[in-house]
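Notes to accompany the following structure.
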2 protein chains.
Amino acid sequence: MKIKDIAKLAGVSVATVSRVINNSPKVKPETREKILKIIEEYKYEPDHFAKSLRKRQSNFIGILLIRNSLSTEDSYTHPFLSGVLEYLFHHDLKLVLDSCDKKSGLSHYKKLIKSKLVSGFIITDLRENDERIEYLNSINFPYVVIGRNKKNNFIYIDPDNNQGGYLGIKHLFEIGCKKILYISGNKGPVVTEQRLSGVLKAKNELGVELEIKYGDFSKESGYRIAKSVKLEKYDGIFCASDLMAYGVFNYMKESGIEKPLIGFDDLPSSKILGITSINQNIFDVGFNAAKMLHKLINKEKVASMLLPVEVSVRESTLKFRK
Amino acid sequence: MKIKDIAKLAGVSVATVSRVINNSPKVKPETREKILKIIEEYKYEPDHFAKSLRKRQSNFIGILLIRNSLSTEDSYTHPFLSGVLEYLFHHDLKLVLDSCDKKSGLSHYKKLIKSKLVSGFIITDLRENDERIEYLNSINFPYVVIGRNKKNNFIYIDPDNNQGGYLGIKHLFEIGCKKILYISGNKGPVVTEQRLSGVLKAKNELGVELEIKYGDFSKESGYRIAKSVKLEKYDGIFCASDLMAYGVFNYMKESGIEKPLIGFDDLPSSKILGITSINQNIFDVGFNAAKMLHKLINKEKVASMLLPVEVSVRESTLKFRK
DNA sequence: TCCTCATGTGTAATCGATTACATTCAAATA
DNA sequence: TATTTGAATGTAATCGATTACACATGAGGA
């Protein structure tokens with residue numbers, strides 16, 4: 001079933017049918033009705049490839065996952081993609097999901113661009129000095145980045161890590177903590193600085209005592225640090241990642257110490273373990289990334305975006321509330 | 001840059017360039033070399049839409065996620081999609097990820113088919129009496145289903161739940177359990193029967209004593225059942241889902257009882273909690289689903305597939321080992 | 001020498017839509 | 001009445017590739 005068939009059935013030319021499909025105003029209402037009825041009756045759908053070819057536009061956006069990067073706890077992909085899809089759903093856009101190697105992945109992006117398959121990218125797994133950024137900037141191709149790096153010469157969307165650090169300390173303060181241990185991530189990643197900076201802001205503003213140790217975001221590092229310091233000294237612990245909080249959690253169980261504990265990221269396990277954490281709405285990240293990209297594709301002005309985070313309060317701090 | 005430009009640069013016709021691109025054997029080697037060099041030099045890529053239109057074939061497969069179905073713990077999507085993408089990566093296929101409503105989602109599938117955008121589907125979130133199945137069967141469109149239902153009139157791929165049930169009991173038996181509590185899922189879903197049937201097979205084969213209670217896969221139901229029975233009576237507990245195992249786990253912590261415990265699904269939290277569980281390799285599910293679909297699209301014969309599962313042994317049973 | 005045949009290449013039709021331009025027809029205006 | 005105008009529709013070119021068919025060339029056989 002193609003446009004020609006519909007035209008024949010309706011006794012009009014293909015041009016008129018096309019006009020109806022594309023909502024051109026210059027079609028007589030009765031003609032439009034008649035054609036729509038036939039289209040409906042035969043469940044006609046225009047050929048996607050013919051349409052894209054002729055219109056010289058793709059309604060695809062691309063997301064490339066890194067090959068072989070299966071982390072044990074990925075709770076990110078589903079809500080993120082759902083958010084993206086939710087936006088696309090309402091705007092006649094589609095998503096091509098593809099994969100590429102971490103190294104040498106650029107050629108894959110180039111292929112998708114040169115074959116005119118996609119009209120924009122959402123970039124994930126950003127690196128410092130990311131060759132993808134350099135390339136996309138150089139040809140002025142629309143894209144939005146999830147996260148930031150030091151160069152930061154692009155449009156990005158990122159949860160407000162700074163605010164997250166702030167809220168964590170504030171929450172501990174509110175349940176009565178005065179001497180807090182902050183287990184930071186390792187120096188290097190931008191998130192480390194962002195979260196730390198929020199933590200420091202809260203410290204100064206609220207006047208709590210703060211000690212800082214540096215882990216590396218991993219469970220093991222959390223455990224190690226918890227073991228090496230005297231936890232008794234503190235009346236609250238804030239970790240820059242849930243994984244580190246799990247390490248601390250395990251150590252506390254072992255040693256019988258009980259202190260208020262907060263993590264960061266709000267992984268699903270935190271809900272099950274009852275650990276308070278800083279929650280980022282990943283669905284919103286996806287949704288807004290798609291929205292921003294859509295605007296960029298339409299040549300509209302777009303500003304980078306920080307998404308608010310919030311504290312998911314659970315057992316691990318709740319039971320210490322005064 | 002289009003094929004015409006390449007042809008001009010090489011001093012040949014577009015047909016010859018096209019032949020080179022499509023590996024037609026009837027091109028003189030020197031001509032081929034010359035053209036390939038120019039293609040390489042200019043990084044030419046054929047227009048995807050033109051190619052698909054003319055060849056009357058799409059190299060897209062489709063997966064539709066259900067809208068607004070954000071479960072707290074989704075550890076499935078990423079490895080599944082990674083598996084799918086890994087196969088596609090090597091076979092010049094691409095994935096269109098889209099979404100549709102749980103109810104009335106069928107029209108979305110129809111659209112993708114009628115617009116000729118996709119040449120096959122991987123069906124997830126299967127229901128009993130799934131209208132998608134009826135429709136796809138009726139028009140003989142290629143698809144592969146993740147999971148099974150009672151009708152089961154389709155090609156599917158599914159982890160071997162039966163084997164999982166068997167292995168769970170066997171593992172408990174091997175660490176010395178003789179009187180086991182099995183907390184099943186609710187009657188209805190196919191997995192309930194499958195897992196239970198494996199459990200029963202092991203019971204008969206190994207001669208252990210077995211008691212069965214029915215939960216509903218949820219954490220709460222696990223907790224409730226653990227509380228309502230006398231856990232002391234048993235020397236091992238096997239749950240048909242990790243969530244139920246978490247409920248049991250929590251109750252045991254509270255009540256100070258310690259018994260070997262196994263869950264099913266191997267959610268990420270199980271690793272963190274140290275709970276032994278039945279693991280399904282989700283990456284393999286995705287990879288093989290893509291492979292099977294590819295064969296179906298190429299009109300090859302394909303048989304449904306059960307993927308082996310294994311026991312991820314952890315603390316919750318390890319420490320009881322004799 | 002002439003014919004056949006294989007090899008390599010070019011010409012032009014084609015896929016199914018969109019759209020610039022042409023055409024028709026009736027109403028409005030001079 | 002003749003002319004202009006605008007609305008509605010049709011004709012045909014076009015997007016960029018693939019491919020059936022035509023054609024040219026030279027080798028090999030009669």
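Each chain gets a letter, A, B and so on, in the order the sequences are listed, and its residues count up from 1. As a basis for the values below, the full set of heavy atoms in this structure was taken, side chains included, without hydrogen atoms, waters or symmetry mates.
- Proximity of B/Thr16 to the phosphate of C/dG10: a side-chain N or O atom is located under 4.0 Å from OP1 or OP2.
- Atom CZ of A/Phe49 and atom C1' of D/dT14 are 20 Å apart (whole Å).
- Distance A/Ile3 CD1 to D/dT11 C1': 14 Å, rounded to the nearest Å.
- Taking every side-chain heavy atom of A/Lys26 into account, D/dT9 is the closest of D/dG10, C/dT9, D/dT9.
- Side-chain contact of B/Thr77 with A/His78: a donor-acceptor pair under 3.5 Å is present, judged by distance alone.
- In this structure, B/Lys28 atom NZ and C/dT9 atom C1' are separated by 10 Å, rounded to whole Å.
- Side-chain proximity of B/Ala50 to the nucleotides D/dG16, C/dT9, C/dG16 is greatest for D/dG16.
- Side-chain contact check for A/Asn288 and A/Tyr87: no donor-acceptor pair (N or O, by modelled atom type) lies under 3.5 Å.
- The side chain of B/Arg54 approaches D/dG16 more closely than any other nucleotide in the set D/dG16, C/dA17, C/dT18.
- Proximity of B/Lys2 to the phosphate of D/dG16: a side-chain N or O atom is located under 4.0 Å from OP1 or OP2.
- Listed nucleotides: C/dG16, C/dG10, C/dT9. Nearest to the side chain of B/Val12: C/dG10.
- B/Tyr44 has no side-chain polar atom (N or O) that falls below the 4.0 Å cut-off from OP1 or OP2 of D/dG16.
- The shortest distance between the side-chain N/O atoms of B/Asn22 and the OP1/OP2 oxygens of D/dT18 is below 4.0 Å.
- Atom CG in A/Asn23 sits roughly 12 Å away from atom P in C/dT19 (whole-Å rounding).
- Separating the NZ atom of B/Lys8 from the C1' atom of D/dG16 is a distance of 14 Å, rounded to the nearest angstrom.
- The ring-ring contact (aromatic ring centres under 6.0 Å, His included) test with B/Phe121 is passed by exactly one of B/Phe141, B/Tyr143, B/Phe154: B/Phe141.
- Judged by distance alone, with hydrogens and angles left aside, the side-chain atoms of B/Asn22 form no donor-acceptor pair with the main-chain N or O of B/Ser24 at under 3.5 Å.
- A straight line from CZ of A/Arg19 to C1' of C/dA22 spans 11 Å, rounded to a whole angstrom.
- Taking every side-chain heavy atom of A/Leu53 into account, D/dG16 is the closest of D/dG16, C/dT18, C/dT9.
- Taking NZ of A/Lys103 as the reference point, atom CZ of A/Arg127 lies at 6.0 Å (rounded to 0.5 Å).
- Inter-residue side-chain proximity for A/Leu306 and A/Tyr156 is flagged as met; some heavy-atom pair is nearer than 4.5 Å.
- Distances from the side chain of B/Lys55 to the nucleotides D/dT19, D/dT11, C/dA17 place D/dT19 closest.
- Taking 4.0 angstrom as the limit, B/Thr31 places a side-chain polar atom (N or O) nearer than this to OP1 or OP2 of C/dT9.
- Using a 4.0 Å heavy-atom cutoff across all strands shown, B/Ser52 reaches no nucleic acid atom at all.
- In this structure, CD of B/Gln57 is placed 16 Å from C1' of C/dG16, rounded to the nearest angstrom.
- Checking A/Val14 against A/Val27, the closest nucleotide of DNA chain D that is more toward the 5' end is the one next to A/Val27.
- The CZ-P distance, from B/Arg56 to D/dT18, rounds to 14 Å in whole Å.
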